[in-house]
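Computed over heavy atoms, backbone and side chain alike; hydrogens, waters and symmetry mates excluded. The model shown is predicted, which means the values in this text are computed figures rather than measured ones.
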Amino acid sequence: MSAVPKLDIEHVAVDDDPRQWSTARKNATLLIVSSASLITTIAAGIYNPSIVQIEQELHATASQISWTLSLFVLIQGVVPLLWSVSSELKGRKIVYIVSILLFVGGSVGAALAPTIGVLIGMRCVQAAGSSAVLAIGAATLADIYDSHERGSKMGLYYSAPLLGPSIGPILGGGLTQGFDWRACFWFLVIFGGVNLLSFTFLFKDTFRRERSLVYQRVLKRNLEDEQRDAKKSRTSSKDNESKREAQVTDAEAADGQPAPGTFKDIKLSLRDVDPVMPMLRVLRYVNNPVILVASGFIYGFSYSILYTSARVLASGYGYDALHTGLVLLAFGAGSVAGSILGGKWSDLTLARVHKKNGGEKYPEMRLQSTFFGMLFLPPSIIAYGWVVHEHVHIAATVVFLFLCGLFSVWIYSSTLAYIVDANAGRSSSAVATNSMFRGLFAFAAAELAVPIQDNIGDGWMYTLWGGIMILTNLLILLVWAKGRSWREKVV
């Protein structure tokens, strides 16, 4: 008997297919999700200009203040695993609403915090709530866009949160000077509330359970439980048993063979929202951990350069918080340019290579679009390090900050699109796993950046980062060359 051919889970027929929505509705969805993604990065550093005020009013040490950032980044990386699994079972919209409610509550608590301990705790709540947007935002775009247009759309989507680290300190500086440090968190309450209203009244859920391997796996397990219970009670006829067995076979998630008509509402238990197993299923394909490490290095570099450049601009150039924020806009502008241009180049490269290969298309083709950025990122990083080390004119610092942002995100936007393309049916779990890697690498970068900067200086520190980016390039090249064969065999 011939084997049943595998179906493309991304293109299973569904009711009200989001990929058939009008351009206007798709653009509105992209705008809502992109706006919400700003929550994540603005919240990370908006209060940086008010650190001195916080230390004085809450009698906090520099070490305690640092925990408000490092714990925020760490939790923001780990919690998305839970949000992503929930979104694959109950839909995107409810997860957006619940998570932003949590963020708004944490922001209110931070604004009213009477002690540094409460502030640290509320920052953790903020991080947990804000983490859902970046975790399932890319999956939401995967729901409505086909692979040939995802690169440019991912670039547009990711350009919004890239501005956060740059405009956050400027907003924080203005709010702190005009009011006090608590105004920063009240601003986040208002901003979070606006996004909450957008998702509640304007956002239409993009999730379709027929295209979710996670949902199908839970459905399969529930059907097997029903079958087992029926056998024990012996209340079902043999005909009913055979029908259930056929239904289980049709819902087999591991083979990616969804069959129309077998889907029904399921009751969830705690084991169904276990965030560990979906992560392990992503990591069992060798291409995923390799590209995730590369993605983590790029994200860690971004946190390192923003954190340390603020220090060197204050100590080496004598800039205040507002002027520091204005200089850091160069990195943000470069990042936005890299996200938009790199995303578009990613789609063009995929189309060109697709045509060159006689119509054959597979996810690794997209990684060829990173080659241009690979050539220029390491030298740009090294040049930036020595420019600020020698306190060269600020114009040179601005130029190299722009180039570092441009080329780092040029590469990152393509790796993010690849992670989605290479994990059809489990895209939100894959992006959440990526968030975990980013969080761990950013946490390490934030904790190690200042000691390294103080001990060896910016020149040698960013020479080291240049070497790490060369290693990152090699990892991406390895996935480009071997990723397809790795995906075809599971460890």
Within 45° of the ring axis of Tyr299 and under 6.0 Å from its six-membered ring centre, is that where the NZ or CZ of Arg438 lies?
yes
In terms of relative ring orientation, are Phe199 and Phe203 parallel, tilted or perpendicular, with 30° and 60° separating the classes?
perpendicular
How about Trp345 and Phe372: are their ring centroids closer than 6.0 Å?
no
Between the side chain of Asn27 and the main-chain N/O of Thr23, is any donor-acceptor distance below 3.5 Å?
yes
Could you tell me if Arg487 sits above the aromatic ring of Tyr285, with its cationic atom closer than 6.0 Å to the ring centre and no more than 45 degrees from the axis?
no
Heavy-atom nearest pair, Val33 first then Gly137, reads CG1-CA, 3.7 Å
The test is side-chain contact (heavy atoms from CB on, under 4.5 Å); show your working for Tyr418 and Asn287 and say whether it passes.
CA-CA 10 Å; Tyr418 169 78; Asn287 62 301; 2.9 Å; yes
Step by step, would you call Leu292 with Leu283 a side-chain contact (heavy atoms from CB on, under 4.5 Å)?
CA-CA 9 Å; Leu292 290 171; Leu283 295 178; 3.8 Å; yes
Filter on side-chain hydrogen bond (donor to acceptor under 3.5 Å, both in side chains), then keep only pairs touching residues 28-41, sequence neighbours left out; what's left?
Ser35-Asn195
Scan side-chain atoms only and decide if Tyr96 and Thr140 contain a donor-acceptor pair under the 3.5 Å cut-off.
yes
Thr415 side chain to Ser295 side chain, donor-acceptor N/O pair below 3.5 angstrom:
no
Measure the CG-CG distance between Asn423 and Asn288 for me, rounded to the nearest 0.5 Å.
4.0 Å
Before giving the answer on side-chain contact (heavy atoms from CB on, under 4.5 Å), spell out for Ile305 and Cys404 the whole-Å C-alpha distance, their side-chain angles and the decisive distance to 0.1 Å.
CA-CA 9 Å; Ile305 195 170; Cys404 286; 4.2 Å; yes
Could you pull out the closest heavy-atom pair between Ala128 and Trp83, with the gap in Å?
O-NE1, 2.8 Å
Scanning both residues in full, the closest heavy-atom pair of Ala449 with Ser304 reads CB-OG, 4.0 Å
How far does CD1 of Ile291 sit from CG of Leu367, to the nearest 0.5 angstrom?
5.0 Å
For a side-chain contact (heavy atoms from CB on, under 4.5 Å) check, start with the C-alpha distance between Leu119 and Phe185, then their side-chain angles and the critical distance, and finish with the verdict.
CA-CA 11 Å; Leu119 180 60; Phe185 293 103; 4.0 Å; yes
Distance-only, no hydrogens or angles: does the Lys26 side chain make a donor-acceptor pair with backbone N or O of Ile144 under 3.5 Å?
yes
If you apply the rule ring-ring contact (aromatic ring centres under 6.0 Å, His included), what do you find for Phe297 with Phe441, and how did you get there?
CA-CA 7 Å; Phe297 276 134; Phe441 278 74; 5.0 Å; yes
Nearest non-hydrogen partners of Ser130 and Gln76, listed with the distance
OG-NE2, 3.0 Å
Under 3.5 Å, is there a donor-acceptor pair between the Ser87 and Arg92 side chains?
yes
